[in-house]
Amino acid sequence: MGKFSKFVNWMDQRTGGRRILPLFTALPLEGKPSLRKTLIFLVIALTIFEGITGCFLSMSYSPGVSAAYPSVKYQMQETTAGHLLRSLHAYGAHLIAALLLLCLVERIQARGYRTPNEIKWVLGLLMGGILIIIATTGYLLPWDQYGYWGTKVRTSILGSVPLLGPILKSIALGGPEIGNLALTRFYALHALFLPSMLMAFFLLYLSTTLFLRSGKDEISGACCYWPEQAWRDALCGAGVFLALYVFSVCMPVQLGAVANPLETYPARPEWYFRWLFETLKYCPPPWEFIGSVLIPHLILLFLVLIPWIDNGARNHRKAVILVSLLLLAAVCGLSGLSVWQDVQSGHFKEVALWEVEPEPGFDSEKFYKKECQNCHGRDGSGYLETTPDFSSEDYWKSSPSEVRLLKAILEGVDDQNIPEDERMPAFASKLSPAQAKALLVDKIHWFKPGDRSGD
Ligand code: HEC
């Protein structure tokens with residue numbers, strides 16, 4: 001006996017390892033191997049990938065209101081492949097959400113929920129739900145405007161639930177407002193609680209796949225996972241990860257402006273909650289819970305009950321397909337409508353203003369003298385009755401948001417109470433957003449009392 005097989009024997013006697021490999025190769029497969037079945041494999045592979053990239057991200061992340069944003073910035077700018085890592089982690093989550101939706105459609109279409117798969121179906125829904133909550137809790141962590149205000153909207157929806165709402169909200173946030181405790185809680189949920197729950201449910205799911213079906217499939221001579229399905233999974237997996245990598249390199253995710261509770265940011269939910277966001281628009285305050293609680297729960301209830309609506313005894317297959325298609329159409333339609341409305345109202349342009357960086361080298365001094373000084377004055381206090389006094393403390397006390405000021409410069413202020421020749425004109429034709437931002441940072445902010453000392 002060679003040294004290696006001796007070692008293998010030694011290990012086997014202590015671990016039972018030889019029986020593990022056959023468990024994998026004999027993994028039963030329902031029906032024929034096919035590319036559609038790779039969907040579930042892709043979700044699992046990406047979830048593991050998110051776990052690994054998440055571990056690396058956590059090595060430089062610091063969950064605290066004042067430390068979170070700089071720690072993410074540091075991670076992106078200073079650590080090896082840090083920006084790439086964060087992009088992979090963020091895009092990976094979007095990809096999982098998209099694949100989950102495809103999985104759901106595929107399973108319903110293939111009747112994957114029928115006897116004896118009812119429990120696996122429910123477990124699958126549960127794990128999908130947990131994955132989505134993991135993704136949602138992740139948005140707050142970088143502590144930028146997008147995550148902060150998005151979470152504010154989500155938790156206020158949670159708070160609108162009748163009776164239980166306020167309690168659930170204060171449990172999630174650890175207090176009345178989004179602060180240090182909320183951030184720490186979200187981090188714990190995102191990185192510890194929910195992934196552990198997911199793992200436990202996955203073990204259950206795996207054991208039902210392994211042990212429940214193996215007896216039956218051996219008799220019917222059904223396919224095994226290995227090697228027919230395995231190479232399909234491997235090939236698709238390689239393709240998807242390559243695409244994810246290329247996408248992350250070409251379009252790395254950005255870090256928005258740091259969270260500021262005083263400046264209302266036009267928050268939008270992630271794309272997979274757009275339909276809910278749109279639904280809520282049609283539910284004014286006292287009826288908010290219809291959109292935020294009732295409708296999502298009815299949909300969930302329907303999904304959970306599918307195996308019992310369409311089974312051997314009651315063949316309501318057509319009803320299941322019809323309701324599913326209607327739901328899918330409603331979700332797609334509402335999402336599309338929501339995006340379209342945002343395009344119409346200039347929401348995306350406004351969001352871009354929040355992210356704009358001042359153009360380096362722009363001659364703000366010269367531009368101000370030529371175009372602004374006549375009204376706003378040499379020292380920013382303004383020559384006209386109607387111009388704001390940028391040199392007074394009272395003006396800055398109201399903490400006007402950067403975006404309001406940028407919009408005023410680019411689009412003008414159409415104030416009917418002011419004589420036409422004194423109104424704030426629009427400068428969009430003379431200034432790019434980056435130049436307007438430079439003007440704001442170099443000139444307008446410079447008038448701020450207290451800030452002037454440095455110059
Ligand atoms: C014709 C006079 C005029 C000129 C020229 C002008 N402004 Fe104004 N600006 C105003 C008036 C009047 C307001 C107040 C508008 C209101 O609130 O109705 C204003 C408002 C603003 C605001 C918004 C303040 C706020 O709190 O919302 C900013 C920022 C600003 N101007 C910057 C500039 C810059 C930069 C320039 C030059 C590129 C400029 N303005 C040129 C008259 C002028």
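The first residue of the sequence shown is numbered 1, and numbering continues consecutively from there. Remember, it's 1-based here, ligands and their atoms both numbered in the order they're listed.
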Worksheet item: Between E402 and H445, does any side-chain donor sit less than 3.5 Å from a side-chain acceptor?
Response: yes

Fill in: Location of contacts on L439 toward ligand 1, heavy atoms closer than 4.0 Å
side chain

Worksheet entry | Within the 6.0 Å centroid threshold, strictly below: Y148 and Y265 | no

Practice prompt. Determine, stepwise, if the pair N117 / Y113 fulfils side-chain contact (heavy atoms from CB on, under 4.5 Å).
Written response: CA-CA 5 Å; N117 286 338; Y113 47 78; 5.7 Å; no

Worksheet entry | Mutual orientation of the aromatic rings belonging to F390 and F447 [parallel < 30°, tilted 30-60°, perpendicular > 60°] | parallel

Practice prompt. Report the nearest protein non-hydrogen atom to atom 28 (C) of ligand 1: residue, atom name, distance rounded to 0.1 Å.
Written response: F390 CZ, 3.7 Å

Worksheet item: From L104 CG over to L125 CG, what is the distance, rounded to the nearest 0.5 angstrom?
Response: 6.5 Å

Item to complete: Quick one: list whatever passes salt bridge (Lys or Arg N to Asp or Glu O under 4.0 Å) with K443, sequence neighbours left out.
Response: E365

Discussion item. Please report whether ligand 1 has a polar contact with Y395, defined as an N or O pair separated by less than 3.5 Å (distance criterion only).
Written reply: yes

Worksheet entry | Residues K430 and Q435: side-chain donor-acceptor under 3.5 angstrom | no

Discussion item. Please report whether ligand 1 has a polar contact with D415, defined as an N or O pair separated by less than 3.5 Å (distance criterion only).
Written reply: yes

Response to the item:
So the atoms of ligand 1 within less than 4.0 Å of a heavy atom of I418 turn out to be 12 (C), 18 (O)

Worksheet item: Heavy atom under 4.0 Å from ligand 1: found in E422's side chain, backbone, both, or neither?
Response: backbone

Practice prompt. Output, by chain and residue number, all protein N/O/S atoms separated from atom 8 (Fe) of ligand 1 by less than 2.8 Å.
Written response: H376 NE2, M424 SD

Worksheet item: Counting each atom of ligand 1 from 1 as listed, which ones have a heavy atom of F367 under 4.0 Å away?
Response: 38 (C)

Practice prompt. Determine, step by step, whether Y225 and D233 satisfy the side-chain contact (heavy atoms from CB on, under 4.5 Å) criterion, reporting the C-alpha distance in whole Å, the side-chain angles of both residues, the deciding distance to 0.1 Å, and the verdict.
Written response: CA-CA 10 Å; Y225 177 75; D233 286 356; 2.7 Å; yes

Worksheet item: Without hydrogens or angle criteria, can the side chains of R232 and T38 be said to hold a donor-acceptor pair below 3.5 Å?
Response: no

Practice prompt. Heavy-atom distances under 4.0 Å are what count here, so tell me which part of N417 touches ligand 1: side chain, backbone, both or neither.
Written response: neither

Response to the item:
Residue, atom and distance of the protein heavy atom nearest atom 5 (C) of ligand 1 read E371 O, 3.1 Å

Discussion item. In the structure I gave you, are the side-chain heavy atoms of L173 and R185 within less than 4.5 Å of one another anywhere?
Written reply: no

Discussion item. Is the distance from the ring center of Y187 to that of Y61 below 6.0 Å?
Written reply: yes

Discussion item. Tell me the protein heavy atom at minimum distance from atom 27 (O) of ligand 1, and give that distance in Å.
Written reply: R404 NE, 3.1 Å

Practice prompt. Enumerate the atoms of ligand 1 whose separation from the nearest heavy atom of D421 is less than 4.0 angstrom.
Written response: 1 (C)

